Amino acid sequence: MKSSIRKTAAVCSALLTLGAVCAAALSADAAYGEGGNGVGTMEYLDRGVYAVKSGDGMFVSWRWNADDADDAEFQLYRDDQLVYVSAAGKATCYQDDGGNVGSKYRVDTVVNGVAVGSQECKFNSDSQYFDIPLKKPGAQYSPNDCVVGDVDGDGQYEIFLKWDGVSKDNAHDGATDPVYIDCYTLEGDMLWRVNLGKNIRAGQHYTQLCVADFDCDGRAELITKTADGTVDGQGDVVGDPNANYVSKVGRILEGPEFITLFDGMTGKALDTIDFPVPRGSSEWGDGYGNRCDRFNGGVAYLDGERPSAIYGRGYYTRLTWSAFDVVDKKLRVRWIFDTGYDKRAPGYGCGNHQVMVADVDDDGKQEILTGSNCIDDDGSLKWTTGMGHGDAMHVAKFFPDREGVQIWTCHEAGPWGCSLIDGETGKILFHQNGRKDTGRCCADNVWAGNNGSEFWGAHSGDMFDGAGRKIAGIRPAMNFLIYWDGDLEREILDHTGIQKMTAVDKTETIFNATGCLSNNGTKGVPCLTVDLFGDWREELLMRTNDGAALRVWCTNISAERRITTLMHDMQYRAQACCEQSSYNQPPHPSFYLGSDAALPARPNVRLNNAKFIQQSHSTR
């Protein structure tokens, strides 16, 4: 195994000598073909029915998938009695005042009067949540970042969980606990545990989880950074099991670094190669591993059809990104982007404490947004604003009547404050100065009283419209967002509370995740928000107070509109994987959603099950 790892490293090292900014395409295109028709391969999903206690009855919710007919009718049965018919265009949820936790629900799918499918509800609860019991690696550990993927192809997601024990920020010395990654079913079965070992330091910026069905065989895989001593989910060791590169001050500045592909069902290490960009140290701007060990990671549809893993190294100075494909259960380096150490190189120092992806130029292929940079699908630099690195960024279609996507980002360097940027060109649509390092910002359509989205950040105590005009003299919480209630405006998630903007200068708390804690200190973020099951609203995954369980909170608020599951939107699906990276930010769909616009067109996708069904849908 080691000889093949060294061979890959030699190839990547040679590529890095090609120039300050390089994008090297390797063998992925030859194996896959050119792609790029914009028909993304998405996961087959089941109906995803859940029922939770609501008032004196039960609230039942289920998915409308991309492969369902536009005019599909859904019939909800309680104990074999028909209680609700969701005709074409009607919501896929129902408040059943005659039901109780003992009721047995099923949803039949009917097309042109013929039943084409039926699925029973798997998740009934006498509260508004489901608990997934966890097995702590040690008393000091707490559940942290999560990602979802379907590891067995049954249409139901499993949860990949990273544990947080004694961890350190890159700027601080000190030994850390080992990093563990678990995989759980929604029913609470632990499938496997990976121990990344003593040679991976624990902290928000060291380990990122890239999870997707990378080879489109119907089952998800995990790709992440490993080292000598990593133990896979079958108990096998990657590299040298006896190696110890931890320094006296708890740093890891030497020794080989790997990228490993893990089987999602078993946790088995399927392939390991050298990390394509070696660490170095002082050349990055310090001698203790702060800048060279700042990682980001996630998933992007770089060819428009299949997901690739993306892994970034550095952002304060030298900025690098590597893209990986999976071919025949082996890792292939697709390309490497590298600014090198030249401060004059375009994009140098313009990274971010997170990553987002989107198709910014409408060619069917996704680009990588790093804050002040956009890296094209082929690994070249598409544009840079030159405004340095930042903490937070939101990438979305913020306006119903403007083409393309936009980026709302705050600046920790360069001109402080916040900027709204055109996704295709990098043009600054408006910028508002700040008086100091601006560490937070947020944007989305959260208030129906303004056309388009609202924008706010730590640079000001106000809220602004898309032209940079003040529309409210309040600044809501900036930590997170969630689709929760029944209208088309989004809600604000702050620690354990969900807030609704009810007037131009007013927000109200409409929900609180009692018995739970948020993650990462003042950042106050959940383990995950994602359209896990049920209709298009998002579920809230948080750790319980004792850290013994993941609590999955579900909305029990009725909606009036039918919308395809967000997880069949290519941008939302990819951003949901990027959500776990470093300073977590919520995923955004590729379309504008609001009461001031028509509902979005249905996604044109194919599914990764054996049939590879391809559907073309009309606008609704």
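Side-chain atoms are counted along with the backbone in the values below, which use heavy atoms only and exclude waters and symmetry mates. The model shown is predicted, which means the values in this text are computed figures rather than measured ones.
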Under 3.5 Å, is there a donor-acceptor pair linking the side chains of Tyr483 and Glu489?
no
Determine whether more than 12 heavy atoms belonging to other residues, nucleotides or ligands lie under 6.0 Å from atom CD of Glu187.
yes
Judged by modelled atom types alone, do Asn144 and Asn520 share a side-chain donor-acceptor pair under 3.5 Å?
yes
Answer yes or no: is there an ion pair linking Lys506 with Glu508, defined by an N-O contact shorter than 4.0 Å?
yes
Do Asn296 and Ser581 have a side chain donor and acceptor closer than 3.5 Å?
yes
Between Ser590 and Asp569: side-chain donor-acceptor atoms closer than 3.5 Å
yes
If you measure only the distance, is there a donor-acceptor pair under 3.5 Å linking the side chains of Asp131 and Tyr129?
no
Please determine whether salt bridge (charged side-chain N to carboxylate O under 4.0 Å, His left out) holds for the pair Asp487 and Lys500, giving the CA-CA distance in whole Å, both sets of side-chain angles, and the decisive distance to 0.1 Å.
CA-CA 11 Å; Asp487 63 29; Lys500 179 74 174 176; 2.7 Å; yes
Ring of Trp484, cation from Arg490 - is the NZ or CZ under 6.0 Å from the centre and inside 45° of the axis?
no
Test item: side-chain donor near acceptor, Arg440 and Asn479, under 3.5 Å
yes
Between Arg78 and Ser103, a side-chain donor and acceptor under 3.5 Å
no
State, without any angle test, whether Gln128 and Ser54 hold a side-chain donor-acceptor pair at a distance under 3.5 Å.
no
Straight-line distance of Phe480 CZ to Ser518 OG, nearest 0.5 Å
11.0 Å
